[in-house]
Amino acid sequence: MKIPSTGQQYVQEGTQAGHRFSETRSAHWNKVANTCNPWRGLGGAYRSRLVEVYGFLIPPGSTILELGCGRGDLLASLRPSRGIGVDFSTAMIEQGRQYHPEIHFVCEDVHNFKTDEIFDYIIISDLLNDLWDVQQVFETIRSNCHTRTRIVINLYSHLWEKPLKMVQQWGMATPTLPQNWLTVEDVANLLYLTGFERIRSWPEILLPLRFPLLSSFLNRYAVRIWPFRWFALTNFLIARPLPLPNNGAPASPPLVSVVVPARNEAGNIPRIFARTPEMGRGTELVFVEGHSQDGTYEAIEKAMAENPERRCQLYRQTGVGKGDAVRLGFSKATGDILMILDADLTVPPEDLPRFVAALTSEKAEFINGVRLVYPMEDRAMRFFNLLGNKFFSLAFSWLLGQSIKDTLCGTKVLKKEEYGRIEQNRSYFGDFDPFGDFDLIFGAAKLNLKIVDLPVRYRERTYGTTQIQRWSHGWLLLKMVAFAARRIKFI
C-alpha cells in the first residue's frame, strides 16, 4: 500500500475537515429553517433593510445568482428575469420552492456549485463569515461572470460579534455557529486574488430594530457619517471581474464619437477640425449647436464642407443647456465609444486618445477628465471657481463612494452600451441636470460602473467668453449635492 506523502495527507485532511464543517452547518440551518421565523425580532428589521439596499443596487429584470440564498426571500424581492438560489440546507430549499416557485433553487454546497450560466449580478449576503474557504468560492464564480457582472456582498461587522451572540441567546436573532469575522479589507484582498476588483464599499444599519423615525434616521443618515459609521452592523462591497487577457488577439478597434456642444464658439470650429485626432477605426464629430449669436452653426457647416474626409454630423439644439445638447448628441452618435469635447478647447483635443486607451483597456468603464492635477495656465480658471471645484470634488467623492476629483470637466468618456443603460435608468433621477455632467456621473454611480479620473492640462480660452456663471452655477452645484445625497447616499 502506498503511504501518502505529508502534503497529500494534509490536503486529504483539509478536504475531510471542510466536508465535516459544511455538514455541521447544513444540519444547523435545517434546524433553523424548521424552528425560526427569519422575519421576526432583530432579523426581521435587518432583513427588511437589506431588501431596500439590494433593491436600490440591482434593477428588476436582471439575471441573478445568490449563494447561500436560504429560502430565497431576498432573491425573489429583486424580481429577476432569471434567478438561481443555491443553499446546502434541504429544509431552506424546500421552503423556498414553496414560497417562491418563480426562483430556481439548487440544493448544493456553494464550494462545489457549478453552472455554465452567466449572470448580471451575483449576491453573497451574510455568507462569507459562514464559509470554510472564501477564496475557493470566489474562484468558483469567476466563470459565471461577463465583463459587466457585479458581485454584491454584505457581511456582519466584527464589532458586533459579542452583541449578536447575546441577542441570539435571548432568541431575538437567528442563531449562528462560530464565524470567520472577515474585515472589508480581508474580503477586498481575497477578491483581488481571485480575479475581482472592489469598486466601492460602505457601512449599513446602525439599529436593526423597528422604531418609527429613529430607525430610519440612524440607518439612512447617521450610519454614513463619522463616527457612527464605525458601529454599523453590516458592510457592503461591490466588485467587478478584472479584465482578462485577450489571448494575444487584438481587439477590434472602436469607432469613436466625439460630441461637441457649441454655443458662441465660431472662432474655435476650425481648430476642432484641425486638432481632433482620428482614433480607433475612425472619429465621428457630432456637433450640437445651441442658439449661438456669432454664426457658430454656419462656421460648422463651412468647416464640414472644407473637410469632406472627416466623418461629421450637425444638429441644431431645440432645448436649452449643455445637458440637453449632450443628450441629443449621444442619441445621434453612431460610435462604440462616446466622449464629450467642450468647444472652447480648454481641454486639448490631443488628449482624447488617452481616454480611449483607458476605456479599451477595460481598466475603467467611465473616464472622468480632471483639470485640478496639473498646473493651469494663468487665466484658465478663476480662484473662486478653483476653490468651488475642489470643495465639490470632495463632496461628490464622499456621496458616490468613488473618486470624482473634478465634476465639471467637460471631457467624459464611456461606451455606448453603458450609456444605453444609464438612459434606461434615467427615470430614477429625472431630467434634473442643466450641465450634462451629473446625469452621466450619477447614472454611472447608480449602475456601479468603475469610474476612473484621468488628469488633463487645462488651457485658457483663445476665443469667446466662459459660459459659466460663478455664483448661480455654484448654487446649482449645491443643489446637486443635496440631490445626490437624497437619491444615492441616504437611500
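Being a predicted model, the structure only gives us computed values, none of them experimental.
A distance of 5.0 Å separates OG of Ser62 from CG of Asp120, quoted to the nearest 0.5 Å. Atom CG of Asn368 and atom CZ of Phe355 lie 8.0 Å apart (nearest 0.5 Å). The CZ atom of Phe287 lies 5.0 Å from the CD1 atom of Ile272; values are rounded to the nearest 0.5 Å. For the atom pair Leu352 CG and Arg275 CZ, the distance stands at 10.0 Å (nearest 0.5 Å). The distance from atom CZ of Arg487 to atom CE of Met480, rounded to the nearest 0.5 Å, is 13.5 Å. The line from OG1 of Thr407 to CG of Leu372 is 8.5 Å long, rounded to the nearest 0.5 Å.
Using a 4.5 Å cut-off on side-chain heavy atoms (C-beta onward), Leu74 and Val51 make contact. Under the 4.5 Å side-chain criterion, counting only non-hydrogen atoms from C-beta, Ser257 is not in contact with Met339. For the pair Arg240/Lys450, a side-chain contact is recorded, criterion being any heavy-atom separation below 4.5 Å from C-beta on. Taking 4.5 Å as the limit, every side-chain heavy atom of Val288 sits out of range of all side-chain heavy atoms of Arg316. In this structure, the side chains of Asp342 and Val347 stay at 4.5 Å or more apart for every pair of heavy atoms. In this structure, Asp453 and Asp406 have side chains that are not in contact, with every pair of non-hydrogen atoms separated by 4.5 Å or more. Leu447 is listed as a side-chain neighbour of Ile422, based on a closest heavy-atom distance under 4.5 Å. By the 4.5 Å heavy-atom criterion applied to side chains, Phe396 and Phe442 are counted as neighbours.
A salt bridge links Asp336 with Arg281; the closest basic N to acidic carboxylate O contact falls under 4.0 Å. Salt-bridge formation is not detected for the pair Glu423/Arg327: no Lys NZ or Arg NE/NH1/NH2 atom is positioned less than 4.0 Å from an Asp or Glu carboxylate oxygen. Checked for salt-bridge contact, Asp73 and Arg47 miss the test: no charged N lies under 4.0 Å from a carboxylate O. Taking the charged nitrogens against the carboxylate oxygens, Glu350 and Arg457 have no contact shorter than 4.0 Å, which rules out a salt bridge. The existence of a salt bridge linking Glu278 and Arg311 is excluded, since no basic side-chain nitrogen approaches an acidic carboxylate oxygen closer than 4.0 Å. Taking 4.0 Å as the cut-off between side-chain N and carboxylate O, Glu298 and Lys302 do not count as a salt-bridged pair.
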Report the C-alpha distance between Lys363 and Glu197 in whole Å, list the side-chain angles of each, state the deciding distance to 0.1 Å, and finish with yes or no for salt bridge (Lys or Arg N to Asp or Glu O under 4.0 Å).
CA-CA 10 Å; Lys363 293 176 182 176; Glu197 174 185 31; over 6 Å; no
Where do Thr183 and His158 land on the side chain to side chain contact (heavy atoms under 4.5 Å, CB included) test, with the steps shown first?
CA-CA 7 Å; Thr183 67; His158 196 357; 5.5 Å; no
Evaluate the criterion side chain to side chain contact (heavy atoms under 4.5 Å, CB included) for residue pair Ile367 and Leu414; output intermediate values, then yes/no.
CA-CA 6 Å; Ile367 315 292; Leu414 72 167; over 6 Å; no
Evaluate Lys415 against Glu418 for salt bridge (Lys or Arg N to Asp or Glu O under 4.0 Å), listing each step before the verdict.
CA-CA 5 Å; Lys415 291 182 179 178; Glu418 301 295 4; over 6 Å; no
Please step through ring pair (Phe, Tyr, Trp, His ring centres under 6.0 Å) for the pair Tyr297 and Tyr315, ending with a clear verdict.
CA-CA 9 Å; Tyr297 190 91; Tyr315 300 95; 9.7 Å; no
Would Val259 and Leu341 count as a side chain to side chain contact (heavy atoms under 4.5 Å, CB included) if you check the C-alpha gap in whole Å, the side-chain angles of each, and the deciding distance to 0.1 Å?
CA-CA 6 Å; Val259 173; Leu341 175 67; over 6 Å; no
Stepwise side chain to side chain contact (heavy atoms under 4.5 Å, CB included) test for Phe330 and Leu440
CA-CA 11 Å; Phe330 277 9; Leu440 297 176; 4.1 Å; yes
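The ring of Phe236 has its center closer than 6.0 angstrom to the ring center of Tyr54. The ring of Phe392 has its center no closer than 6.0 angstrom to the ring center of Phe438.
Shown here for Pro203 and Val223, the closest heavy-atom pair between the two residues is CG-O, 3.5 Å. Contact detail for Lys322 and Gly410: the closest heavy-atom pair is NZ-CA, 3.6 Å. Smallest separation of non-hydrogen atoms from Glu204 and Ala232: O-CB, 3.5 Å. Heavy atoms only, all atoms of each residue included: Asp437 and Cys409 are closest at OD1-O, 3.3 Å. Closest approach of Leu408 to Arg371, counting heavy atoms only: C-NH2, 3.6 Å. The nearest pair of heavy atoms linking Pro243 to Glu362 is CB-CB, 3.4 Å.
With a 6.0 Å radius and a threshold of 12 heavy atoms from other residues, nucleotides or ligands, Lys332 has its NZ atom at or below the threshold. Heavy atoms of other residues, nucleotides or ligands lying less than 6.0 angstrom from CZ of Phe56 number more than 12. Under a cut-off of 6.0 angstrom, the local environment of CZ in Phe231 is sparse, with at most 12 non-hydrogen atoms contributed by other residues, nucleotides or ligands.
Listed for the His146 side chain is a donor-acceptor partner under 3.5 Å among the backbone atoms of Arg148. Between the Thr63 side chain and the Phe119 main chain, no donor and acceptor come within less than 3.5 Å of each other. Arg354 contributes a side-chain N or O that, together with a main-chain N or O of Pro455, makes up a donor-acceptor pair within less than 3.5 Å. Under the 3.5 Å distance criterion, the side-chain polar atoms of Thr234 are left unmatched by any main-chain donor or acceptor of Asn154. For Thr283 (side chain) and Pro277 (main-chain N/O), a donor-acceptor pair under 3.5 Å exists by modelled atom type. With hydrogens and angles ignored, the 3.5 Å screen pairs no side-chain donor or acceptor of Asn307 with any backbone N or O of Arg310. Between the side chain of Asn235 and the main chain of Ser157, no donor-acceptor pair closer than 3.5 Å is present. The backbone N or O of Tyr121 lies less than 3.5 Å from no partner atom in the side chain of Arg150, so there is not a single donor-acceptor pair. Here the side chain of Ser397 pairs a donor or acceptor atom with the backbone of Ile404 at under 3.5 angstrom. The backbone N or O of Leu237 sits nowhere less than 3.5 Å from a side-chain atom of Ser201 that would complete a donor-acceptor pair.
Looking at Asn180 and Asn129, their side chains never bring a donor and an acceptor atom within 3.5 Å of each other. At a cut-off of 3.5 Å, with distance as the only test, a side-chain donor of Gln313 or Glu284 sits close to an acceptor on the other residue. Under the 3.5 Å distance criterion, with hydrogens and angles disregarded, no donor-acceptor pair is assigned to the side chains of His291 and Asn264.
Cation-pi geometry between Arg142 and Phe196 is met: under 6.0 angstrom from the ring centre, within 45 degrees of the axis. Geometric assessment of Lys446 against the ring of Tyr428 yields a positive cation-pi assignment under the 6.0 Å and 45° thresholds.
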